[in-house]
Amino acid sequence: MIHIKTPQEIEEYKAAGSLSKAALRLAGSLVRPGVSTAEIDRAVEGFIRLHGGIPAFKGYGGFPGSICASPNEAIVHGIPSPTMFLNDGDIISIDTGATVNGWVGDNAWTFYVGNPSDEVKALCEVTRDCLKAGIAQAKPGNHLGDIGFAVQSLAERHGYGVVREYVGHGVGRTMHEDPNVPNYGKKGRGVKLQVGMIIAIEPMITMGTYSNHVLSNRWTVVTDDGLPAAHYENTIAITAEGPVILTQDDQGPWCNMQGGVR
C-alpha cells in the first residue's frame with residue numbers, strides 16, 4: 001500500500017532527511033586511507049544521537065551498524081568493522097539514515113579514498129548522473145518505469161551494469177514502504193507517480209556484471225566478478241512543482257557540515 005503524505009507531513013519529514021544528509025557529510029569527511037569503517041560508524045552514530053535522532057539502520061532486521069559501509073566490489077549493506085581499513089585508491093559507498101520524530105531519513109554516496117583510478121572515478125560520476133536523471137523523472141503523471149528507464153539507459157550507454165535485485169523504495173515512518181523503485185524499466189510502465197509520494201531513488205551501478213551474491217555475514221552484497229560498484233541515493237518528495245530532495249542538510253543546527261555531497 002502506498003502512503004500519500006500531506007504537505008505538512010512532507011515538511012515534518014525534512015528534519016529526518018536533513019540530519020541523514022548531515023550524517024552522510026560527516027561520514028565522507030572521515031574517509032581517508034587508514035581509517036576503519038567502524039571508526040566512521042561510531043562517529044556517525046554519535047552525531048545522530050547528539051542531534052536528537054536515532055540511527056535508523058542499527059538493529060533494523062538485525063543489522064549491527066549505524067551506517068552501511070560498502071567498499072569497492074561491495075554494492076550495498078556492508079557491515080562496519082574495526083578490521084576493515086580503507087586504502088588509497090579504494091571507493092566506499094556509505095549509506096546513512098536517521099529517524100527524527102518518527103520519520104526515517106535515508107541517503108547514500110560513494111566516496112573516493114585518496115585517488116582512485118580514472119576508470120573507477122568515471123563509474124562514480126556516471127552513477128551520480130544516473131541519480132540526477134532518475135530524480136528529474138520523479139514528477140506527477142510520470143511512472144516508476146520512467147525513473148528506471150532514465151537510470152538504466154544512461155548506465156548502459158556507458159557500458160555499465162544495473163543491479164536488479166536491490167532497488168529504491170517508498171519511505172516515511174518506516175524504512176521501506178511501497179512502492180519499490182527499480183533502476184531499470186520502460187517508459188510509461190509501472191505505478192503512476194502522485195503528489196505526496198516520498199521515495200528513495202538509489203542507483204546501484206557496476207563496472208562489469210550486475211550479477212551479485214551475499215557474503216556469509218548474510219548482509220554484504222558484492223559483485224560476482226569482483227569489479228567495483230557505486231551507489232548514490234536521495235529521498236525525494238513528489239510535488240505539484242516537481243521533485244523536491246528531502247535529504248538536504250540546510251534545515252537544522254547541523255547545516256554547516258562540509259563535504260562533497262549533494
Side-chain angles (χ1 to χ4, degrees), residues 1-27 41 44-68 76-77 94-109 131 134-135 138-140 142-144 147 166-183 190-202 204 219 231-255 261:
M1 178 180 177
I2 296 173
H3 297 280
I4 301 299
K5 281 74 174 178
T6 66
Q8 180 179 342
E9 288 175 322
I10 291 173
E11 284 299 311
E12 291 173 358
Y13 182 92
K14 288 180 178 179
S18 177
L19 184 54
S20 297
K21 179 54 60 71
L24 186 59
R25 285 192 190 273
L26 173 63
D41 183 72
V44 168
E45 178 174 359
F47 179 80
I48 291 172
R49 294 190 187 279
L50 177 66
H51 291 288
I54 300 170
F57 302 163
K58 192 161 191 176
Y60 183 80
F63 188 77
S66 293
I67 66 170
C68 296
V76 286
H77 304 161
I94 297 179
D95 202 334
T96 63
T99 300
V100 180
N101 296 325
W103 296 100
V104 183
D106 191 11
N107 56 189
W109 207 258
L131 174 60
I135 291 172
K139 50 192 178 183
N142 275 4
H143 295 255
L144 287 175
I147 296 174
Y166 302 91
V167 297
H169 50 90
V171 63
R173 292 195 176 277
T174 58
M175 175 72 67
H176 294 98
E177 296 183 356
D178 291 333
N180 285 338
V181 185
N183 295 303
V191 170
K192 191 172 185 178
L193 303 178
Q194 304 175 53
V195 170
M197 293 173 68
I198 296 180
I199 57 174
I201 300 175
E202 50 179 320
M204 290 158 268
W219 281 104
H231 174 213
Y232 293 78
E233 176 185 22
N234 269 317
T235 297
I236 311 300
I238 297 171
T239 76
E241 291 73 37
V244 173
I245 298 175
L246 299 177
T247 39
Q248 301 273 20
D249 59 353
D250 56 358
Q251 299 162 97
W254 44 81
C255 66
V261 186

Subject >> Residues which pass salt bridge (charged side-chain N to carboxylate O under 4.0 Å, His left out) with E12, listed by chain and number, not counting sequence neighbours >> reply: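 By the salt bridge (charged side-chain N to carboxylate O under 4.0 Å, His left out) rule, E12 matches R173.
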Subject >> Non-neighbouring partners of K192 that pass salt bridge (charged side-chain N to carboxylate O under 4.0 Å, His left out), sequence neighbours left out >> reply: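 K192 satisfies salt bridge (charged side-chain N to carboxylate O under 4.0 Å, His left out) with no other residue.
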For residues [X] and [Y], report the shortest heavy-atom separation together with the two atoms involved.
{"X": "A240", "Y": "V195", "answer": "N-CG2, 3.7 Å"}
{"X": "I147", "Y": "G134", "answer": "CG1-O, 3.7 Å"}
{"X": "I48", "Y": "A23", "answer": "CG1-CB, 3.9 Å"}
{"X": "A56", "Y": "M175", "answer": "CB-CE, 3.6 Å"}
{"X": "A98", "Y": "A16", "answer": "O-CB, 3.7 Å"}
{"X": "A237", "Y": "I10", "answer": "CB-CG2, 4.0 Å"}

If the condition is side-chain contact (heavy atoms from CB on, under 4.5 Å), which residues does [X] pass it with, not counting sequence neighbours?
{"X": "N107", "answer": "S20, K21, L24, T96, N234, T247"}
{"X": "I4", "answer": "I2, Q194, M197"}
{"X": "I54", "answer": "T99"}
{"X": "T174", "answer": "E177"}

Subject >> D178 atom CG, over 12 foreign heavy atoms within 6.0 Å >> reply: yes
Original post:
Are any side-chain N or O atoms of D106 and backbone N or O atoms of G97, one a donor and one an acceptor, separated by less than 3.5 Å?
Top reply: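 No; judged by distance alone, with no hydrogens or angles, the pair does not exist.
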**OP:** Output yes when a side-chain donor or acceptor of Y13 lies under 3.5 Å from a complementary backbone atom of Q8, and no otherwise.
**Re:**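 Looks like no, no N/O pair under 3.5 Å.
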Original post:
How would you list, by chain and number, every residue that makes a side-chain hydrogen bond (donor to acceptor under 3.5 Å, both in side chains) with K139, sequence neighbours excluded?
Top reply: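 Per chain and number, K139 pairs via side-chain hydrogen bond (donor to acceptor under 3.5 Å, both in side chains) with no residue.
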**OP:** For H3, enumerate each residue passing the side-chain hydrogen bond (donor to acceptor under 3.5 Å, both in side chains) test, keeping only those at least two apart in sequence or located in another chain.
**Re:** none
Rounded distance [0.5 Å steps], [atom1] in [X] versus [atom2] in [Y]:
{"X": "L131", "Y": "N183", "atom1": "CG", "atom2": "CG", "value": "9.0 Å"}
{"X": "Y60", "Y": "C68", "atom1": "OH", "atom2": "SG", "value": "11.0 Å"}
{"X": "W109", "Y": "R25", "atom1": "CH2", "atom2": "CZ", "value": "8.5 Å"}
{"X": "D41", "Y": "I67", "atom1": "CG", "atom2": "CD1", "value": "5.0 Å"}
{"X": "I236", "Y": "L246", "atom1": "CD1", "atom2": "CG", "value": "7.0 Å"}
{"X": "F63", "Y": "D95", "atom1": "CZ", "atom2": "CG", "value": "8.5 Å"}

Mind checking what makes ring pair (Phe, Tyr, Trp, His ring centres under 6.0 Å) contact with [X], not counting sequence neighbours?
{"X": "H77", "result": "Y166"}
{"X": "F57", "result": "none"}
{"X": "H169", "result": "H176"}

**OP:** Name all pairs fulfilling the salt bridge (charged side-chain N to carboxylate O under 4.0 Å, His left out) condition that reach into residues 52-65, sequence neighbours left out, sorted by first residue then second.
**Re:** E45-K58
